[in-house]
Novice: 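Sending over a structure as structure tokens; questions will come in a sec.
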Amino acid sequence: MRENLEIFDFELTADEMARINALSQRPYYDVPEEPPAFVLAQNDYSRQA
């Protein structure tokens, strides 16, 4: 547990920070402007068995 608490005893150099900042920053996924059709579909629960 002591080792886990000692994770903040380092610093990144300016070069390391520049390399991290140069990484691609594309979003993980795209949020569409409109919801997909299945979200807007009206379900008719009166026909359930």
Side-chain angles (χ1 to χ4, degrees):
M1 288 173 58
R2 179 173 289 132
E3 289 176 9
N4 290 340
L5 294 173
E6 295 172 355
I7 62 171
F8 299 109
D9 62 344
F10 71 96
E11 275 186 48
L12 295 176
T13 65
D15 181 54
E16 291 169 328
M17 287 299 296
R19 290 176 61 196
I20 290 171
N21 289 331
L23 292 172
S24 173
Q25 296 191 18
R26 293 176 297 150
Y28 182 69
Y29 57 89
D30 293 321
V31 177
E33 293 292 325
E34 296 291 324
F38 72 88
V39 173
L40 300 175
Q42 295 292 322
N43 294 317
D44 184 4
Y45 294 108
S46 65
R47 297 196 289 164
Q48 283 185 331

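Here, residue 1 is the first one in the sequence, and each next residue gets the next number. Because the structure is predicted, anything quoted here is derived from the model rather than measured.
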Novice: Is there a path of hydrophobic side-chain contacts, each under 4.5 Å between heavy atoms of I, L, V, M, F, W or Y residues, that connects Y28 with V31?
Specialist: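 They do share one cluster, since a chain of ILVMFWY contacts under 4.5 Å joins Y28 to V31.
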Novice: Any sub-3.5 Å donor-acceptor pair from D44's side-chain atoms to S46's backbone N or O?
Specialist: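 Confirmed, D44 side chain pairs with S46 backbone.
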Novice: Find out whether L12 and F10 are in side-chain contact, i.e. whether some heavy atom of one side chain is under 4.5 Å from a heavy atom of the other.
Specialist: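 They are in contact (side-chain heavy atoms under 4.5 Å apart), so the answer is yes.
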Novice: So, for E11 and E16, which heavy atoms are closest and what is the spacing to 0.1 Å?
Specialist: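 Nearest heavy atoms, E11 then E16: O-OE1, 4.1 Å.
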Novice: Around E34, counting heavy atoms of other residues, nucleotides and ligands shown, do more than 12 lie under 6.0 Å from its CD?
Specialist: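 No, CD of E34 has 12 or fewer neighbouring heavy atoms, counting only those of other groups under 6.0 Å.
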Novice: Give, for atom CZ of R26 and atom CG of L23, the distance between the pair rounded to the nearest 0.5 Å.
Specialist: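 Rounded to the nearest 0.5 Å, the CZ-CG separation comes out at 11.0 Å.
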